[in-house]
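Below: the structure, in structure tokens.
For clarity, every value in this text was computed on a predicted model and none was experimentally measured.
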Amino acid sequence: MTAQDNHAPATQVDGVVDWLTNGTRDERFIDNIFAQMSIRLQQAGIPLKRATLHVQINHPQWLGARMIWSDGMTGAEIARVDYDVRERSEYIGSPANEIHDGAAEVRERLEQDSSLGRKHALYNEMRTLGLTDYVAWPLYHTLGKRHIVTFATDRPGGFDPAHIAALKKVLPVLALVSEIRIKNRLARTLLETYVGSHAGELILAGATRRGTGTTVRAAIMICDLRDFTKISDNWPRDDVIDLLNDYFDAMSEPIARHGGEILKFIGDGLLAIFPLHEPDACANLLHAVTEARQAMTALNERNRATSRAPLNYGIGVHVGDVMYGNIGSTSRLDFTVIGPAVNMASRLEALTKQLGRTVLLSRDFAELVEEKFELEHVGKHEVRGFSDPIELFAYHG
């Protein structure tokens with residue numbers, strides 16, 4: 001053991017602990033903190049070559065994330081982990097598997113004969129990288145939540161007891177610091193998932209008082225699935241859920257891709273807006289409609305192959321000022337848009353079936369896009385709730 005090794009656990013690692021406690025308050029992202037911590041551990045005399053942090057997150061698409069830092073890196077690489085990872089060989093028998101099954105520590109001396117050690121591809125990969133020792137520990141968060149942190153070295157002989165003691169000294173503080181960031185990220189993810197990214201940012205910024213909001217000029221799009229009551233009455237429950245998810249994927253992904261924000265799903269319908277602070281908002285809405293139509297055509301072809309009836313839908317589009325904010329009871333709020341412009345889009349969607357058109361646009365919206373898109377004029381029609389007939393256009397793109 002060198003003189004530097006002797007001093008690291010007693011003195012220099014205390015500096016890393018102090019930095020985690022007091023020096024990371026303004027750092028939002030745990031991956032940046034983790035990379036800086038690893039570098040500081042090196043500077044404190046720990047012969048660290050590689051470190052990883054594995055966290056579980058409540059995301060609709062991913063089970064969690066894995067952050068990897070290696071010697072020479074200034075940041076950490078982040079990889080998303082799929083929900084089905086626990087069924088794959090990369091997980092089965094891995095250190096993560098052991099930790100999740102209750103192990104308090106996984107230590108593997110990589111210099112020893114590989115036939116005498118644990119059998120998993122990860123250990124062979126680390127040996128190939130020249131690593132000599134590896135240790136994994138659970139990182140305990142509140143209410144029994146367990147994440148995983150690992151450290152590896154290429155030092156001949158591996159980590160000595162002083163190094164292990166120093167690393168363990170860091171764990172409780174890393175747990176506290178990481179839990180704060182992960183829960184902040186979780187709150188943001190849940191809000192983005194359930195109310196949309198823009199509304200989520202406003203809520204996190206403090207827009208939580210009933211009646212607070214702002215006036216936004218936007219293009220409004222309302223989409224509804226045809227004959228859903230008949231489908232839900234006659235199809236098995238799980239098939240209905242799969243159908244709705246496929247339908248919403250086909251509609252939602254183009255909306256998000258072109259800058260729209262879905263504010264809510266209402267049964268088999270959705271409400272989305274394209275704020276006009278973006279100069280091409282109206283054109284982007286129609287590009288999204290075009291791509292959604294293509295996605296629905298592909299979905300219907302897949303459904304036809306499994307003897308399912310094709311899905312039909314209607315879309316109403318209008319443009320105008322909407323009130324965007326908190327509406328609801330004293331204890332249960334909805335962050336949404338209301339106003340005559342929203343009502344108009346809803347009425348146009350209802351008219352699509354009556355007029356035999358998939359997409360109906362108001363004159364106000366059509367005027368903003370008619371030079372760039374081919375529209376069909378379908379005349380003036382009575383719209384429920386509005387005193388004067390409304391001039392309508394259909395879009396077939």
| Which residues share a side-chain contact (heavy atoms from CB on, under 4.5 Å) with Arg237, sequence neighbours left out | Ile241

| query | Listed by chain and number, what are the salt bridge (Lys or Arg N to Asp or Glu O under 4.0 Å) partners of Glu108, not counting sequence neighbours? | reply | Arg118, Arg127

| request: Would you check, one step at a time, whether the test side-chain contact (heavy atoms from CB on, under 4.5 Å) holds for Met251 with Leu270? | output: CA-CA 9 Å; Met251 288 291 168; Leu270 66 82; 3.8 Å; yes

| remark: When Asp133, Leu131, Thr132 are each screened for side chain to side chain contact (heavy atoms under 4.5 Å, CB included) with Lys49, the one that passes is Leu131

| query | Please walk me through it: do Leu53 and Arg66 pass side-chain contact (heavy atoms from CB on, under 4.5 Å)? | reply | CA-CA 6 Å; Leu53 179 63; Arg66 179 176 62 250; over 6 Å; no

| Are the side chain of Glu291 and the backbone of Pro254 linked by a donor-acceptor contact shorter than 3.5 Å? | no

| message | With a 6.0 Å cut-off on the ring centroids, do Phe248 and Phe265 count as close? | response | yes

| Listed partners of His141 passing ring pair (Phe, Tyr, Trp, His ring centres under 6.0 Å), at least two apart | His147

| field | Check ion pair Arg109-Glu111 (N to O, under 4.0 angstrom) | value | no

| Which atom of Leu348 lies closest to which atom of Leu360, heavy atoms considered | O-CD1, 3.6 Å

| request: Can you see which heavy atom on Pro47 is nearest to which on Phe159, and at what distance? | output: O-CE2, 4.1 Å

| Is there a side-chain contact between Ile30 and Ile33 (heavy atoms, below 4.5 Å)? | yes

| field | Heavy atoms from other residues, nucleotides or ligands near CZ of Arg257 exceed 12 (cutoff 6.0 Å) | value | yes

| message | Can you see whether Glu391 engages His381 through a side-chain donor-acceptor pair at a distance of less than 3.5 angstrom? | response | no

| Is it the case that Asp101 and Asn97 place a side-chain donor and acceptor less than 3.5 Å from each other? | yes

| Closest approach of Trp137 and Ala104, non-hydrogen atoms and distance? | CD1-O, 3.5 Å

| note | In terms of heavy-atom contacts, Glu382 and Ser387 come closest through OE1-O, 4.3 Å

| message | Applying a strict under-4.5 Å side-chain criterion to I, L, V, M, F, W and Y, I'd like to know whether Phe34 and Ile99 cluster together. | response | no

| message | side-chain contact (heavy atoms from CB on, under 4.5 Å) for Val106 and Val135? Distances and angles first, verdict last. | response | CA-CA 6 Å; Val106 175; Val135 62; over 6 Å; no

| field | Partners meeting ring pair (Phe, Tyr, Trp, His ring centres under 6.0 Å) with Tyr395 (sequence neighbours left out) | value | Phe373

| note | Sorted by chain and residue number, the salt bridge (Lys or Arg N to Asp or Glu O under 4.0 Å) partners of Arg357 (sequence neighbours excluded) come out as Glu376

| Among the clusters formed by ILVMFWY side chains lying less than 4.5 Å apart, do Val359 and Leu351 turn up in the same one? | no

| field | Contact check, side chains of Met221 and Val289, non-hydrogen atoms, under 4.5 Å | value | yes

| request: Only counting residues at least two apart or in another chain, list the ones meeting side-chain hydrogen bond (donor to acceptor under 3.5 Å, both in side chains) with Asp238. | output: none

| note | Taken in chain and number order and not counting sequence neighbours, the residues that satisfy side-chain contact (heavy atoms from CB on, under 4.5 Å) with Gln36 are Trp19, Ile39, Arg40

| message | Which residues pass the ring pair (Phe, Tyr, Trp, His ring centres under 6.0 Å) test with Phe228, not counting sequence neighbours? | response | none

| query | Crowded around Arg384 CZ? As in, over 12 foreign heavy atoms under 6.0 Å? | reply | no

| message | For a 4.5 angstrom cut-off between non-hydrogen side-chain atoms, does Tyr134 reach Leu122? | response | yes

| said: Within the structure provided, determine whether Ile220 and Met344 are in side-chain contact (heavy-atom separation under 4.5 Å). | reply: no

| Polar side-chain atom of Arg50 near backbone of Asp154 as donor-acceptor pair, under 3.5 Å | no

| field | Derivation of the side-chain contact (heavy atoms from CB on, under 4.5 Å) call for His100 and Tyr91 | value | CA-CA 11 Å; His100 286 142; Tyr91 175 81; 3.1 Å; yes

| query | Which residue pairs satisfy the side chain to side chain donor-acceptor pair (under 3.5 Å) criterion with at least one member in residues 266-287, sequence neighbours excluded? | reply | none

| task | Inspect the contact between Asp14 and Lys169 and indicate whether a charged nitrogen and a carboxylate oxygen are less than 4.0 angstrom apart. | result | yes

| note | For residues 339-352, the side chain to side chain donor-acceptor pair (under 3.5 Å) pairs (sequence neighbours left out) are Arg226-Glu349, Arg226-Thr352

| His377: ring pair (Phe, Tyr, Trp, His ring centres under 6.0 Å) partners, not counting sequence neighbours | Phe393

| task | Indicate, with yes or no, if Leu48 and Met73 share a hydrophobic cluster defined by side-chain heavy-atom contacts under 4.5 Å among Ile, Leu, Val, Met, Phe, Trp and Tyr. | result | yes

| task | Quick one: closest heavy-atom pair of Ala219 and Phe365, and the distance? | result | CB-CE1, 3.8 Å

| field | Under 3.5 Å side-chain donor-acceptor pair for Arg146 and Tyr140 | value | yes

| query | Are the side chains of Met296 and Leu311 in touch, meaning some heavy atoms are under 4.5 Å apart? | reply | yes

| request: State which residues pass side-chain hydrogen bond (donor to acceptor under 3.5 Å, both in side chains) with Arg86; sequence neighbours excluded, sorted by chain then number. | output: none

| Trace of the side chain to side chain donor-acceptor pair (under 3.5 Å) decision for Lys183 with Ser178 | CA-CA 8 Å; Lys183 286 192 172 178; Ser178 62; over 6 Å; no

| said: Between Ser362 and Asp364, is there a side-chain donor-acceptor contact under 3.5 Å, judged purely by atom types and distance? | reply: no

| request: Over all heavy atoms of both residues, which pair between Asp321 and Ala341 is shortest? Give the atoms and the distance, please. | output: O-CB, 3.8 Å

| Distance-only, no hydrogens or angles: does the Ser252 side chain make a donor-acceptor pair with backbone N or O of Asp249 under 3.5 Å? | no

